[in-house]
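Only a predicted model underlies this, so the values are computations on that prediction, with no experimental measurement involved. Heavy atoms only: backbone and side chains are in, while hydrogens, waters and symmetry mates are out. In what follows, every chain begins at residue 1, and chains take the letters A, B, ... in the order their sequences are listed.
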2 protein chains.
Amino acid sequence: MEDCPVKYAFTVVSGKWKLQILWELNQQDMIRFNELQRRLAGISSFMLSKSLGELEQNKLIIREQYNEVPPRVEYSLTELGKAIHPALKMLGDWGTKVYNECQES
Amino acid sequence: MEDCPVKYAFTVVSGKWKLQILWELNQQDMIRFNELQRRLAGISSFMLSKSLGELEQNKLIIREQYNEVPPRVEYSLTELGKAIHPALKMLGDWGTKVYNECQES
DNA sequence: CCGAATCCGCCTCGATACTG
DNA sequence: CAGTATCGAGGCGGATTCGG
């Protein structure tokens, strides 16, 4: 979006659930829709479906659909999806510092 | 906020202008209100003031006020404010990859 | 020059109900 | 099991106006 890669990265993972979804997928590689919904306590199937769709569009995750009965769909991270985690870790470490700093005063 | 440092970091720099403000301050260390407003084309004084106030609360920037006529207020990054930039660079590099990947298809 | 107060439109989120 | 359709509520951004 526009001209700033950082902003673009933010928009890609913005939204109330995207980070958690990425986190869960990183723990498991390969997870089913309902299983994911169970782990993300509180998310509706609508929001989950929408978030997964956007992440798939941005090539962060892969959707694999098996035409069985009952239907089965599995989600997993792409290389791109895995590659964000080092950056998120750095941000997390920094976030911890900010948090501690703001508790003092 | 809550229990996730990454989420917390995101909320701290969330908002339409925070990243740009951090960027401008990183270019200049020490900048005045109006000068900053001029560089962030399109921002209202309301949003700028509000964003700066929140960044100050989170200890990312320092506000130095000189009681002169006319009044002068200067903003600069704290150590914490400077420390986010490596993490943002990583995210930016990743964002570039995502962008390129999505242009192909 | 710097910023606070108020009001308003839009977009995201989510509850509910329904489908293959 | 894995979604889609629809509708409504709330919060953020922004325009405008006013004060020190």
Answer yes or no: does a side-chain N or O of A:Trp17 lie under 4.0 Å from OP1 or OP2 of C:dG14? yes
Counting the atoms with a prime plus P, OP1 and OP2 as sugar-phosphate, which does B:Gly53 contact under 4.0 Å by heavy atoms, base, sugar-phosphate, or nothing? nothing
Rounded to the nearest angstrom, tell me the gap between atom NZ in B:Lys16 and atom P in C:dC11. 11 Å
Atom CG of B:Leu40 and atom P of D:dG13: how far apart are they, to the nearest Å? 14 Å
Nucleotide C:dC13, atom P - distance to CG of A:Leu52 in whole Å: 14 Å
For a quick test of reading the model: is some side-chain N or O of A:Ser49 closer than 4.0 Å to OP1 or OP2 of D:dT4? yes
Could you pick out which residue, B:Phe46 or B:Arg38, lies toward the 5' side of DNA chain C when each is mapped onto its nearest nucleotide? B:Arg38
Give a yes or no answer on whether the side chain of A:Trp17 reaches the backbone of A:Leu52 with a donor-acceptor pair at less than 3.5 Å. no
Choose from C:dC2, D:dC1, D:dT4 the nucleotide whose nearest atom is closest to any side-chain atom of A:Pro70. D:dC1
Report yes if at least one side-chain N or O of B:Arg32 is closer than 4.0 Å to OP1 or OP2 of C:dC1; otherwise report no. no
B:Phe10 CZ to C:dT12 P, straight-line distance once rounded to whole Å: 17 Å
Side-chain atoms of A:Ser45 come closest, of D:dT4, D:dA2, D:dG13, to D:dT4
Grab the CD-P distance between A:Gln37 and D:dT4 for me, whole Å please. 13 Å
Integer-rounded Å distance: C:dA15 P and A:Leu48 CG: 14 Å
Take the protein atom CZ of A:Arg72 and the nucleotide atom P of D:dA2, then report the distance between them rounded to whole Å. 9 Å
Within less than 4.0 Å of OP1 or OP2 of C:dG14, is there a side-chain N or O belonging to A:Lys50? no
Look at the aromatic rings of A:Phe10 and B:Phe10 and report parallel, tilted or perpendicular, splitting at 30° and 60°. tilted
Decide, yes or no, whether a salt bridge links B:Lys18 with B:Glu54 under the criterion of side-chain N to carboxylate O below 4.0 Å. yes
Whole-Å gap separating P (D:dT16) and CE (B:Met47): 16 Å
More than 12 heavy atoms of other residues, nucleotides or ligands under 6.0 Å from CD of A:Gln57: yes or no? no
Quick one: do B:Asp93 and B:Lys97 make a salt bridge, cutoff under 4.0 Å? no
Checking all strands, does B:Tyr75 fall into the base, sugar-phosphate, or nothing category for heavy-atom contacts under 4.0 angstrom? sugar-phosphate
